[in-house]
Structure formats: structure tokens, C-alpha cells
Amino acid sequence: VAAIPSKSAYFIVIRRGICYNHGMPNDMITLKALGKELSETLNSGRINRIASLGNDSYLFTVRARGNNRALFLSAKSDTAGVYITESEHSADEIPNNFCMALRKRLIGGIVESFSVENEDRIIKIDILSRNELNDAKKYSLYAEIMGGASNLILVSDGNIIDAAKRIINENSRPVYPGADYVLPPRAKILLSDPDAVSVLDSSSTAKEVIYRLNGLSPESATELLRLR
């Protein structure tokens with residue numbers, strides 16, 4: 001934060017020390033708070049179980065700091081998100097193909113970090129595991145939390161291993177096994193960009209802010225206008 005100009009919109013939000021709770025809108029600001037809290041809770045934890053729950057949702061059981069934690073991940077358009085849950089979930093009797101890919105590579109792996117990517121609604125989970133030859137191997141699981149375009153994508157060495165939703169369309173970003181992983185395109189101004197301040201100064205409604213700044217929800221845009 002120290003390297004960011006003190007007048008930037010990003011600095012205004014981060015210095016408030018927002019804490020995440022489930023039910024908040026999933027945008028870049030709240031997900032940054034979520035990533036920090038997940039890191040504090042799950043980093044260095046071991047993944048012991050992965051279950052598919054249907055509707056592009058998955059449950060990871062992570063043993064961290066002497067406790068078993070249930071990490072819920074969903075790419076379903078209306079419930080997309082990543083968070084720790086204490087709710088009961090019924091696992092599919094037959095796991096889907098993406099769940100099998102996750103199990104094969106991530107069970108027994110160690111959670112290294114959670115981070116927000118591209119200043120957008122994307123959480124990257126880095127996991128150190130082992131391959132078929134028992135060599136150490138690093139994997140990244142990207143949770144793209146973007147409404148109808150939400151997805152969960154497993155990546156290693158820059159290549160996609162598999163995804164909850166495969167996309168094979170010449171007019172869209174390719175998301176299928178073997179393709180290079182590319183972050184979703186971004187056309188708006190970043191919240192950390194000095195130009196974000198002028199956007200806030202010249203905007204009168206949350207809708208205007210959302211249209212011009214990247215990765216914001218109506219709730220966060222309204223709060224930024226209030227803080228300017």
C-alpha cells in the first residue's frame with residue numbers, strides 16, 4: 001500500500017481494514033479482504049478431501065493449524081464464490097471429471113497462498129503438490145467470480161489442466177485442457193490507477209463508477225463515492 005499514491009481510490013479502501021463476511025458482494029475490494037483472511041486461516045494447510053456438490057460447486061477439506069476447514073468453491077452464476085463454510089453439504093455419489101482432475105493433482109497438496117489477480121474478481125489459490133513421479137509440482141486454481149462468466153480453472157506451468165466450464169469458441173477466450181491460461185480481458189480503469197481518482201471526482205452515481213472502474217460492485221462504488 002505504501003507505494004500507492006495516498007489519494008488513490010485503492011488506498012482509501014484498503015486503509016479502512018475491511019473484513020470479509022459471506023453475503024458481501026463479490027468484487028475486487030471484498031475479495032482482497034477475503035484472500036487475506038483465507039491466507040491467515042488456510043496457508044500451510046493440507047488438502048485431504050475434495051468433493052463435487054453439483055452445479056459447478058466443490059468442497060475442499062483442508063487440515064490447517066490443527067483444525068479441519070471446509071473451503072467452498074462455486075462457479076455457479078448466481079452463487080459463485082470462495083469461502084470457508086460450516087454448513088452441511090451433500091456430495092455427489094459420482095464425482096464429475098473436473099473433480100477427478102482436482103483430486104488427482106491436489107489431494108495431499110499444501111496450500112501456499114490466496115491472492116487477487118488482475119485487480120479483478122479473480123482469486124488464485126497456489127498449491128504445492130506432487131505429480132505422478134512424486135516430484136514436487138506447483139498448481140494454481142483460479143476462481144473467476146464473474147456472474148454468468150464465473151469459472152474454476154486448474155493451471156500448471158501456464159497451461160490449463162481442466163476447468164469447471166470448458167469453453168471452446170473461436171470468439172471467446174479458450175478455456176480447455178492444454179490451452180494457455182490467459183486472464184480475462186480488462187477494458188476499464190484499475191482502482192490503483194491514479195486516473196481512478198478523477199473518475200470518482202467526475203462521477204455522481206455508482207452506476208457511472210462501475211461503468212468506468214474495474215471489478216466493483218454497486219455497494220463498493222457507492223462507498224467510494226461517499227469516501228471521496
Side-chain angles (χ1 to χ4, degrees), residues 1-43 71-84 111-126 140-153 155 158 172-173 175 181-228:
V1 174
I4 301 172
S6 61
K7 287 187 65 178
S8 78
Y10 183 83
F11 183 86
I12 289 172
V13 174
I14 296 305
R15 72 181 180 186
R16 290 172 63 87
I18 295 172
C19 293
Y20 182 88
N21 63 75
H22 179 48
M24 280 183 169
N26 284 315
D27 67 9
M28 191 278 288
I29 294 172
T30 58
L31 291 179
K32 188 169 183 67
L34 171 63
K36 180 176 182 294
E37 294 179 19
L38 289 176
S39 291
E40 292 171 352
T41 304
L42 298 179
N43 276 10
L71 180 66
F72 178 86
L73 302 95
S74 177
K76 188 180 178 184
S77 59
D78 57 345
T79 60
V82 179
Y83 54 86
I84 293 173
V111 177
E112 290 194 316
S113 65
F114 293 81
S115 59
V116 171
E117 296 295 299
N118 214 30
E119 287 194 35
D120 211 336
R121 295 160 294 168
I122 304 168
I123 286 186
K124 182 177 77 163
I125 308 171
D126 283 330
S140 296
L141 180 58
Y142 290 83
E144 300 178 354
I145 305 169
M146 300 178 169
S150 296
N151 209 344
L152 301 171
I153 306 172
V155 175
S172 302
R173 178 177 62 122
V175 179
Y181 177 74
V182 179
L183 288 165
R186 185 183 60 201
K188 300 180 183 180
I189 297 172
L190 296 178
L191 198 57
S192 62
D193 193 309
D195 290 340
V197 175
S198 63
V199 170
L200 291 174
D201 289 343
S202 62
S203 299
S204 57
T205 66
K207 187 175 181 179
E208 290 179 62
V209 174
I210 294 169
Y211 181 76
R212 299 170 68 187
L213 294 183
N214 194 64
L216 291 181
S217 64
E219 293 86 348
S220 292
T222 300
E223 180 69 1
L224 281 172
L225 287 175
R226 189 184 71 80
L227 291 171
R228 64 184 172 177

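Side-chain atoms are counted along with the backbone in the values below, which use heavy atoms only and exclude waters and symmetry mates.
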A.B. asks: Using a 3.5 Å distance criterion without hydrogens, assess whether the side chain of Asp193 forms a donor-acceptor pair with backbone atoms of Asp195.
C.D. replies: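 Flag set: sc Asp193 to bb Asp195 pair under 3.5 Å.
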A.B. asks: Between Arg173 and Pro185, is there a donor-acceptor pair closer than 3.5 Å when you use the side chain of the first and the backbone of the second?
C.D. replies: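 No; zero donor-acceptor contacts below 3.5 Å.
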A.B. asks: side-chain contact (heavy atoms from CB on, under 4.5 Å) between Leu200 and Leu225: does it pass, once the steps are laid out?
C.D. replies: CA-CA 6 Å; Leu200 291 174; Leu225 287 175; 4.3 Å; yes
A.B. asks: Passes side-chain contact (heavy atoms from CB on, under 4.5 Å), Val111 versus Leu38? Steps please.
C.D. replies: CA-CA 10 Å; Val111 177; Leu38 289 176; over 6 Å; no
A.B. asks: Could you verify whether a donor N or O on one side chain and an acceptor N or O on the other, from Asp27 and Thr30, lie under 3.5 Å apart?
C.D. replies: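 There is such a pair between these side chains.
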A.B. asks: Would you confirm whether Ser150, through its side chain, and Gly147, through its main-chain N or O, come within 3.5 Å as a donor-acceptor pair?
C.D. replies: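 Yes.
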A.B. asks: If we check side-chain contact (heavy atoms from CB on, under 4.5 Å) with Glu119, which of these qualifies: Leu213, Leu190, Ile189?
C.D. replies: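 Looking at Leu213, Leu190, Ile189, the match for Glu119 under the side-chain contact (heavy atoms from CB on, under 4.5 Å) is Leu190.
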A.B. asks: side-chain hydrogen bond (donor to acceptor under 3.5 Å, both in side chains) for Thr41 and Glu37? Distances and angles first, verdict last.
C.D. replies: CA-CA 6 Å; Thr41 304; Glu37 294 179 19; over 6 Å; no
A.B. asks: One pair to check against side-chain contact (heavy atoms from CB on, under 4.5 Å): Leu71 and Phe114. What are the steps and the verdict?
C.D. replies: CA-CA 12 Å; Leu71 180 66; Phe114 293 81; 4.2 Å; yes
A.B. asks: Within the structure provided, determine whether Leu42 and Ile125 are in side-chain contact (heavy-atom separation under 4.5 Å).
C.D. replies: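 No, their side chains stay 4.5 Å or more apart.
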A.B. asks: The test is side-chain contact (heavy atoms from CB on, under 4.5 Å); show your working for Leu191 and Ile29 and say whether it passes.
C.D. replies: CA-CA 9 Å; Leu191 198 57; Ile29 294 172; 3.9 Å; yes
A.B. asks: In this structure, are over 12 heavy atoms from other groups packed under 6.0 Å from Lys36 atom NZ?
C.D. replies: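 No, because the 6.0 Å sphere around NZ of Lys36 holds 12 heavy atoms or fewer from other groups.
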A.B. asks: With no hydrogens and no angle check, is any side-chain donor or acceptor of Lys124 less than 3.5 Å from a backbone partner on Ser113?
C.D. replies: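 Here the side-chain-to-backbone pair does not exist.
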A.B. asks: Donor-acceptor pair, distance only, cut-off 3.5 Å: does the side chain of Asp126 make one with the backbone of Ser140?
C.D. replies: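 A pair under 3.5 Å: no.
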A.B. asks: Identify the residue among Asn151, Leu31, Val116, Leu183 that makes a side-chain contact (heavy atoms from CB on, under 4.5 Å) with Ile122.
C.D. replies: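 Testing Ile122 for a side-chain contact (heavy atoms from CB on, under 4.5 Å) against Asn151, Leu31, Val116, Leu183 leaves exactly one candidate, Leu183.
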